[in-house]
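Before anything else, here's the structure in question.
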Amino acid sequence: MKEIIILGSTGSIGRQTLDIVRDYPNMFCVVGMSCNCNIELFNKQIAEFKPKYVYVNDKFAREKCELCGAVMLTSSEELASIEEGQIVVTAMVGISGLMPTIAAIKAGKDIALSNKETLVAGGDIVMALAKEKNVNIFPVDSEHSAIWQCSGYGKAKDIKGLILTASGGAFRGKSKEELCSVKAVDALKHPTWNMGAKVTVDSATLMNKGLEIIEAKHLFDMPVDKIQVVIHKQSIIHSLVTYNDNSVIAQLSYPDMRLPIQLALTYPSKIDTKLQELNLAEVATLTFEKPDMDTFPCLAIAKQCGALGGYYPTLMNGANEVAVQAFLQDKIGFYDIPRIIEKVLEKGEKTDKITLEGVLQADKYARQIAKELF
């Protein structure tokens, strides 16, 4: 029985992780869960899965938590560090996942990583610590899980490059003129995936793919210039690996996040699944196209930050989180997102070595400047 801690159990990834626990009650049990403020759903999850420890970030929601015998801890970091639990699913949104992930690694726990911003902002620190503590980081993003599988679980040595696929989001094929007037409600209409609001907007701007480039850089020790992006609207091929002999290996499945989550929880085994089997004749057509980085500048910004390294990805991520939240509240327009990010990045300086304190300061600084800009 594998003991699981879920950071962000009420979000999209958290809920789908609990679906897997529900389907395989003899394989998994939840010993710890956290949420931000969705206390109504969280109380239902506590009642069903009966974790020993919980944490609620919002103090007003915390007062309404029905513990059912669970112990309320003081922080996500404390929850990630409890003695029980072999693997921590980091399903939190944004840089809020960084410190709990570090705490879990220090406690010697494996990480099922869904929170890409952790590696975007602090990848050098997190990967070095995981190596020091001999901790596994299992990718949960469908793209990185695909690369992980196609590269022999990251063990292949003869890899030439990586190809990340992108659905194109809600605005694939739109012109600049059309995008000037779009609203958050339009961006949230993703054609193939059902995700949280922040990730869905990032998908619409293509920033999500930019974040994934930086994440792939750290997970697979691959230079940014060796990581390509192609638009693949069907979301059947989740990513590809190019080998030195120019052969390319891809991972295919219907778009369902429960598949990469399940693999992260069961590694090194691939167990039977209740998910739909791929029918290629039914899919019929798979198409690919180059991303339009002029119409969607966030992808180019992220690639540049990933190549520069240092605190640039941290600054970019902090500014993006603030800008996306403002866009979701209809306070700014679609193209204000890259504008704000670029303005924040103008304040950056090149540095080769980063520290955790520096990452946290850079994130705070980026958020402050971004808020001032709108």
Side-chain angles (χ1 to χ4, degrees), residues 8 10-16 19 36 38 41 91-94 114-117 140-143 164-212 229-239 253-261 275-276 282-302 317 320-341 374:
T10 58
S12 176
I13 295 297
R15 295 194 306 272
Q16 291 177 86
D19 285 342
N36 181 33
N38 188 351
L41 176 57
M92 302 167 74
V93 176
S114 170
N115 177 258
K116 60 177 65 67
E117 292 88 351
V140 167
D141 269 352
S142 63
E143 295 83 359
L164 297 171
T165 57
S167 68
F171 301 142
R172 184 185 63 83
K174 297 284 187 183
S175 68
K176 278 187 172 182
E177 291 72 20
E178 290 173 301
L179 293 178
C180 286
S181 59
V182 297
K183 299 292 185 182
V185 66
D186 305 309
L188 294 175
K189 298 173 183 176
H190 198 285
T192 54
W193 290 99
N194 181 17
M195 307 178 291
K198 195 266 182 183
V199 179
T200 307
V201 172
D202 281 345
S203 178
T205 65
L206 290 192
M207 175 56 84
N208 194 48
K209 211 51 49 178
L211 298 177
E212 289 174 4
V229 171
V230 295
I231 304 298
H232 169 55
K233 68 178 183 179
Q234 294 84 8
S235 297
I236 295 296
I237 295 180
H238 298 288
S239 277
S253 65
Y254 289 118
D256 192 322
M257 285 305 300
R258 289 173 295 178
L259 186 61
I261 296 168
L275 303 179
Q276 184 180 2
E282 182 181 81
V283 173
T285 303
L286 301 175
T287 62
F288 307 92
E289 57 191 83
K290 291 177 65 174
D292 183 351
M293 289 194 281
D294 183 48
T295 303
F296 300 93
C298 283
L299 179 55
I301 293 170
N317 182 72
N320 181 63
E321 286 192 29
V322 170
V324 168
Q325 185 61 34
F327 177 70
L328 284 167
Q329 296 170 350
D330 291 325
K331 293 180 178 178
I332 62 173
F334 185 77
Y335 280 117
D336 288 322
I337 297 175
R339 179 184 64 82
I340 288 170
I341 295 170
F374 67 82

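What you see below is based on every heavy atom in this structure, not just the backbone, and it leaves out hydrogens, waters and symmetry mates.
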*Kindly assign one of parallel, tilted or perpendicular to the pair Phe334 and Phe327, based on the angle between their ring planes and the thresholds 30° and 60°.*
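Because their plane-to-plane angle is over 60°, the rings of Phe334 and Phe327 count as perpendicular.
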
*If only atom types and distance count, is the side chain of Lys198 paired as donor or acceptor with the main-chain N or O of Gln325 below 3.5 Å?*
no

*Spell out, as yes or no, whether a donor-acceptor pair under 3.5 Å connects the side chain of Ser142 to the backbone of His238.*
no

*Check: Ile236 and Tyr254 side chains under 4.5 Å, non-hydrogen atoms*: yes

*Please list, chain by chain and in numerical order, all residues satisfying side-chain contact (heavy atoms from CB on, under 4.5 Å) with Lys233, sequence neighbours excluded.*
Arg172, Thr287

*Hey, are the side chains of Asp336 and Phe374 touching, using non-hydrogen atoms and a 4.5 Å cut-off?*
no

*asked:* Using 0.5 Å steps for rounding, measure from the OG atom of Ser235 to the NE2 atom of His190.
replied: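 The distance works out to 6.0 Å.
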
_Side-chain (His232) to main-chain (Ile237) donor-acceptor, under 3.5 angstrom_ = yes

_Do Asn36 and Thr10 have side chains that approach each other closer than 4.5 Å (heavy atoms only, starting at C-beta)?_
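A side-chain contact is absent here, since even the closest heavy-atom pair is not under 4.5 Å.
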
For residues 181-188, please give each side-chain donor-acceptor pair under 3.5 Å, one per line with the distance, not counting sequence neighbours.
| from | atom 1 | to | atom 2 | distance (Å) |
| --- | --- | --- | --- | --- |
| Ser181 | OG | Glu178 | O | 3.3 |
| Asp186 | OD2 | Lys183 | N | 2.8 |

*Stepwise side chain to side chain contact (heavy atoms under 4.5 Å, CB included) test for Leu206 and Met293*: CA-CA 9 Å; Leu206 290 192; Met293 289 194 281; 5.9 Å; no

*Would you say the side-chain atoms of Asp141 pair up with the backbone N or O of Glu143, donor to acceptor, closer than 3.5 Å?*
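No, because the side chain of Asp141 does not come within donor-acceptor range (under 3.5 Å) of the backbone of Glu143.
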
*Check: Lys176 main-chain N/O paired with Thr295 side-chain donor or acceptor under 3.5 Å*: no

*Considering only heavy atoms from C-beta outward, does the side chain of Asn208 approach that of Lys116 to under 4.5 Å?*
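Yes, at least one pair of side-chain atoms sits under 4.5 Å.
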
_Check whether Asn317 reaches the backbone of Glu117 with its side chain - one donor and one acceptor, N or O, closer than 3.5 Å._
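No, the answer is negative, given that no donor and acceptor are paired below the 3.5 Å cut-off.
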
